[in-house]
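Everything numeric here is computed off the predicted structure, so don't read it as measured data.
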Amino acid sequence: QVQLVESGGGLVQAGGSLRLSCAASGSIFSINARGWYRQAPGKERELVATISSGGSTYYADSVKGRFTISRDNAKNTLYLQMNSLKPEDTAMYYCAASRAVILTIARLDYWGQGTQVTVSS
């Protein structure tokens, strides 16, 4: 199994920045794609950013230019740098991983407990 633990969430004012971290452990050799999704109360899950084992990245249109996904393979850690935060970014953010080559909402093989991000206006 794969275990994912997120950290780094918090309360920040609009325009501020946060960096989320996701530490992976377990059978991480089975992971090909990793990423982040978020969910606000009453809203659907939204895939925010993904990165493949080869380093290819994807960003939701809503966060392009503001968020950056990266990884430190030596530390088995995934990051999401969030800049220019907006109130609409407020959500629970989840780290996720998949054995597939591309991470999608339809296939989240593993996910963490989430970390809350709240952006005040």
Discussion item. Within this structure, what is the OG-CG distance for the pair S120 and L11, rounded to the nearest 0.5 Å?
Written reply: 5.0 Å
Discussion item. Quick check: do T115 and S7 have side-chain heavy atoms less than 4.5 Å from each other?
Written reply: no
Fill in: N/O donor-acceptor pair under 3.5 Å between N32 side chain and R99 backbone
yes
Worksheet entry | Path from W111 to M92 over hydrophobic side-chain contacts below 4.5 Å | yes
Worksheet item: Can you tell me how far OG of S53 sits from CG of N73, rounded to the nearest 0.5 angstrom?
Response: 9.5 Å
Discussion item. Are L103 and V48 connected into the same hydrophobic cluster when the rule is that any two of I, L, V, M, F, W, Y join if their side-chain heavy atoms are below 4.5 Å apart?
Written reply: no
Item to complete: Please collect all ring pair (Phe, Tyr, Trp, His ring centres under 6.0 Å) contacts where either partner lies in residues 4-42, sequence neighbours excluded, each pair once.
Response: Y37-Y94
Fill in: Test item: E6 side-chain N/O and C22 main-chain N/O as donor-acceptor pair under 3.5 Å
no
Discussion item. Between V12 and F67, is there shared hydrophobic-cluster membership here, with clusters defined by ILVMFWY side-chain heavy atoms closer than 4.5 Å?
Written reply: yes
Item to complete: Say whether, by atom type as modelled, one donor and one acceptor occur between the side chain of Y110 and the main chain of I28 under 3.5 angstrom.
Response: no
Worksheet item: Are side-chain heavy atoms of Y93 and M82 found at a separation under 4.5 Å?
Response: yes
Practice prompt. Would you check if I102 and T50 make a side-chain contact, meaning some heavy-atom pair closer than 4.5 Å?
Written response: no
Discussion item. Check this for me: does any side-chain nitrogen of one of K64 and D61 sit under 4.0 Å from a carboxylate oxygen of the other?
Written reply: yes
Discussion item. Contact between K86 and R66 at the side-chain level, heavy atoms closer than 4.5 Å - yes or no?
Written reply: yes
Practice prompt. With rounding to the nearest 0.5 Å, note down the distance linking CZ in R45 to CZ in R38.
Written response: 14.5 Å
Worksheet item: Does C95 reach the side chain of L78, with side-chain heavy atoms less than 4.5 Å apart?
Response: yes
Fill in: Cluster check I51, L20: I/L/V/M/F/W/Y, side chain < 4.5 angstrom
yes
Worksheet item: Checking T77 side chain against K75 main chain: does a donor-acceptor pair fall under 3.5 Å?
Response: yes
Practice prompt. State, yes or no, whether a side-chain contact exists between I69 and Y59 at a heavy-atom distance under 4.5 Å.
Written response: yes
Discussion item. Restricting to side-chain contact (heavy atoms from CB on, under 4.5 Å), what partner residues turn up for S17, sequence neighbours left out?
Written reply: Q81, N83
Discussion item. Within the structure provided, determine whether L80 and T68 are in side-chain contact (heavy-atom separation under 4.5 Å).
Written reply: no
Discussion item. Between S27 (side chain only) and S30 (backbone N and O only), is there a donor and an acceptor less than 3.5 Å apart?
Written reply: no
Worksheet item: Would you call L18 and L85 a side-chain contact if the rule is heavy atoms closer than 4.5 Å?
Response: yes
Worksheet item: Are V2 and V5 connected, step by step, through hydrophobic side chains (Ile, Leu, Val, Met, Phe, Trp, Tyr) whose heavy atoms are closer than 4.5 Å?
Response: no
Worksheet item: If we ignore angles and hydrogens, is there a donor and acceptor under 3.5 Å between the side chains of S62 and E46?
Response: yes
Worksheet item: OG/S98 to CG/L108 distance, rounded to the nearest 0.5 angstrom?
Response: 7.5 Å
Fill in: Closest approach of Q116 to A91 (non-hydrogen atoms, all atoms of both residues)
NE2-O, 3.4 Å
Worksheet entry | Any donor-acceptor N/O pair, R71 side chain to S52 backbone, under 3.5 Å | yes
